[in-house]
Amino acid sequence: MPSYSNAFAQINGSLSGTVTHERKESIPGITIVLMGMNQGGIKLGAITDLEDKYEIIDIKPGSYTVEVSGVSYQKPTFQLTFNEGQKLTRSITFQVSTSELDEVVITAKSEAKELEFSAKSVQVIETRKGKLKSADLGEVMAQTEGVNVLRAGGLSSATHFSSNGLSDDQIRFFYDGIPLNFTPYAFGITNVLVNAIDLVEIYKEVVPIQFGADALGGAVILASPEIFDGLNGSASYHVGSFNTHRITGNINYAHERTGLFVAVGGFYDYTINNYKKIDVAIPNEQGQLQQRTIRRFHDGYRAYGANVRIGIRDRKWADELSIEGYYGDYDNEVQNSQVPGLIDQQSLGIDQAVVGSPFGEVCFTSFSQGLNLDYNFNLNAQWELDLKAGYSYTERISIDTSRKLYIWFGVVVRVQNQPREFGEADHLTAKSKSFFARQQLIYTLSDHHSFKLSVAPTYQYRTADDLLIEGEFDPALDEGYLLDVVTGPEYTSDFLDKRLQNIAFIKNYRQNIRIESLDPSIEGTFVDERSVSNYGAGNKLKYTWSTRFSTKLSYEFAYRLPRQDEIFGDGQLVQENPELRLESIHNVNLRWNYASRPTGGSEWQLQGNFFLRRIDDLIFLLVDAEEFGSFQNVWSATSQAGLTHRINIKSIQNALTLEVQNLTNAKVFDLFGVQRPGRAFYIKSTIQFELPKAALSITNDENNT
């Protein structure tokens with residue numbers, strides 16, 4: 001006779017979740033204990049792992065008291081009731097117990113530190129202190145050794161970002177793993193307010209394959225604040241000189257039981273930017289040039305943007321699935337040519353003064369909007385799929401239609417017959433549609449070996465329209481099509497009880513270019529097509545000599561694919577060049593780190609770095625006498641650093657940083673084979689004191705170039 005006892009067997013429940021710190025630091029090793037209130041005092045428990053996760057299974061129906069314990073933290077307790085087969089999820093947030101801070105030193109590494117101590121050559125910046133000081137993202141990143149952020153002026157001015165000898169387009173920027181140009185901050189990283197960022201990862205050398213990037217050895221990854229269960233958010237308002245206003249805010253909601261979450265963010269920037277005084281050469285009443293120092297009067301800036309993200313997480317079929325929509329709008333007044341003429345006539349008392357007329361109505365405007373998809377799924381303990389995709393539509397508009405002629409005092413002196421202040425009169429709209437995808441498949445063979453495969457295609461279409469040109473032939477109407485694909489595998493292996501870690505990878509770089517132009521000479525369309533495909537490879541090696549001392553060695557042969565505006569031009573002052581070759585680099589890096597043993601609540605670290613870069617076919621903007629230019633390949637460039645040292649001394653409430661950099665010894669050869677050497681020496685020291693509700697920072701910089 002069959003038995004039916006199993007059909008009526010009791011199904012037990014489970015409890016799982018994460019334990020985090022109120023400062024979002026990692027705190028593994030926390031104990032969670034269930035005390036049965038009506039099961040004879042039965043106890044069940046678990047300890048959080050390195051990812052701050054825990055799980056307790058086989059919980060019988062009934063009421064329990066949950067006790068959570070961790071050294072030097074407040075010990076929360078709460079009650080839970082389990083029905084038959086019920087599976088509950090609870091996220092627990094610890095608060096610092098100030099009464100115990102002086103007695104115990106926590107030595108567990110945060111997620112940021114775990115990343116820094118891996119074989120990846122990365123430095124992680126946590127932005128909590130920057131938020132307290134209302135710093136912007138450029139200021140925060142500039143405090144990292146080997147990183148320089150130079151600005152031509154204030155908000156919205158041209159910015160030059162460099163890291164260990166690489167700069168600007170040689171470095172790729174991402175926001176939550178998505179290329180920055182597919183976000184509301186598509187027009188520059190310094191437009192990102194620090195309040196919108198929780199973590200910054202700066203890869204100074206070899207970039208991990210999971211980003212699908214064609215960087216020459218550098219990337220900046222921005223991470224937005226984590227979305228916690230319940231309703232939470234933040235806002236900031238920054239007021240500065242010259243009528244500068246910066247506003248940012250975000251509000252998030254997550255439902256623990258269903259996994260649904262919503263995140264809304266936005267920003268607004270405004271400034272008149274009349275901060276800058278410049279020396280100009282203007283005629284006096286007798287018509288003779290004289291030097292005067294005046295303020296800029298047509299240099300204002302306004303920007304705003306917003307994003308909405310909706311998704312679901314912690315489901316059986318998705319660790320996270322979300323879709324995000326965004327919009328960003330930017331308006332820039334243009335005061336003068338970006339390459340103004342200079343005059344130096346000591347006999348007239350003129351020393352490097354700007355000569356020429358200013359602009360009073362020229363302006364550039366742009367906006368970007370789009371959608372992004374993010375999907376992550378752990379199929380099982382071995383397989384993981386990560387997919388990101390996006391669409392972006394961008395318009396850049398340049399307007400130069402005024403007939404008025406201005407002088408440097410902001411006064412109109414006459415009205416011209418033809419509309420133009422700069423170059424040829426135009427009302428040009430450049431339109432761009434872009435699609436990107438990044439698929440990454442991860443296979444974990446064991447605790448010591450894993451394999452990744454990344455495929456990252458990007459498709460871009462560009463055209464333009466000048467409203468001032470009548471008739472059928474408008475050179476701006478040329479259509480450009482660009483397909484970039486970066487593909488490659490990566491293999492990670494650990495040996496000697498994970499003291500030795502090695503990461504090896506191969507990349508394929510493919511680019512297809514097509515330009516369709518109206519050609520009056522043939523009364524039809526002229527088509528120019530080109531396709532290239534190259535391979536690169538690299539290896540990263542890390543060895544931990546002791547718990548306090550480790551070294552990293554990496555090498556990469558990589559390529560950078562020319563950007564859309566480098567190939568097609570900007571429709572304004574930059575002409576197209578479909579024959580641009582890919583930049584290539586030989587990239588060698590050696591890094592070491594020594595950390596003292598924490599004693600009495602303080603510790604110190606010594607970090608050093610040596611790198612060598614050899615770049616071929618360097619892409620450079622060459623400008624002619626009429627200020628029209630095009631991007632060209634120059635022959636080669638070598639950048640090397642002797643040593644970069646950093647000493648970091650920390651205690652619970654104070655920090656002292658002394659940084660000495662012998663950063664760049666560059667040799668650049670232009671198209672004519674002329675060598676242009678350069679050298680920079682940089683010293684920076686920072687002393688920072690933190691009080692319970694205040695912060696004081698003193699920084700001293702010296703630059704000798």
Side-chain angles (χ1 to χ4, degrees), residues 150-160 187-188 190 240-244 269-303 330-346 348-366 396-428 430 466-468 570-574 621 623-629:
L150 304 178
R151 291 173 173 155
L155 193 61
S156 85
S157 61
T159 303
H160 177 75
F187 302 103
T190 54
S241 301
F242 315 111
N243 202 17
T244 298
D269 293 340
Y270 175 80
T271 181
I272 60 175
N273 262 350
N274 64 344
Y275 59 90
K276 192 171 183 181
K277 293 182 178 180
I278 59 175
D279 294 326
V280 298
I282 58 178
N284 57 20
E285 295 178 354
Q286 289 75 37
Q288 187 177 28
L289 288 178
Q290 61 179 359
Q291 183 167 322
R292 296 287 298 272
T293 300
I294 56 92
R295 282 191 182 275
R296 300 166 70 89
F297 64 90
H298 184 64
D299 209 10
Y301 169 74
R302 179 191 58 85
Y330 298 80
D331 294 329
N332 259 324
E333 296 177 347
V334 182
Q335 179 68 92
N336 57 270
S337 166
Q338 296 189 23
V339 190
L342 297 177
I343 186 172
D344 187 355
Q345 293 188 9
Q346 298 296 332
L348 298 177
I350 299 175
D351 182 17
Q352 289 295 313
V354 175
V355 63
S357 300
F359 309 147
E361 298 182 27
V362 176
C363 62
F364 292 161
T365 68
S366 54
R396 300 173 184 261
I397 305 171
S398 65
I399 302 174
D400 182 9
T401 58
S402 175
R403 299 175 185 268
K404 299 175 183 178
L405 180 63
Y406 287 80
I407 60 174
W408 283 105
F409 298 104
V411 178
V412 177
V413 292
R414 74 169 184 265
V415 177
Q416 306 176 103
N417 293 328
Q418 297 296 326
R420 58 169 283 184
E421 288 190 87
F422 172 59
E424 296 183 2
D426 68 8
H427 189 153
L428 183 72
D466 193 337
L467 300 182
L468 298 186
D570 63 0
Q572 300 164 6
L573 301 178
V574 179
L621 177 63
V623 181
D624 60 23
E626 297 181 354
E627 299 186 8
F628 289 92

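Being a predicted model, the structure only gives us computed values, none of them experimental.
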Do [X] and [Y] come within less than 4.5 Å of each other through their side chains, counting heavy atoms only?
X	Y	result
E421	E361	yes
E333	F364	no
Y301	D269	yes
V280	I294	yes

So which atom in [X] and which in [Y] form the shortest heavy-atom distance, rounded to 0.1 Å?
X	Y	value
F359	N336	CE1-C, 3.3 Å
T401	P419	O-CB, 3.3 Å
Q291	A353	OE1-CB, 4.0 Å
D466	H427	OD1-N, 3.2 Å
N273	T271	N-OG1, 3.1 Å
Y406	S357	O-CB, 4.0 Å

Inter-residue atom distance [X].[atom1] - [Y].[atom2], 0.5 Å rounding:
X	Y	atom1	atom2	value
R414	L405	CZ	CG	4.5 Å
N243	I272	CG	CD1	5.0 Å
R420	D400	CZ	CG	8.0 Å
T365	I399	OG1	CD1	5.5 Å

Worked verdict on T244 versus Y270 for side chain to side chain contact (heavy atoms under 4.5 Å, CB included): CA-CA 6 Å; T244 298; Y270 175 80; over 6 Å; no
W408 and F297 aromatic ring geometry - parallel, tilted or perpendicular at 30°/60° bounds: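 Judged by the thresholds at 30° and 60°, the geometry between F297 and W408 is perpendicular.
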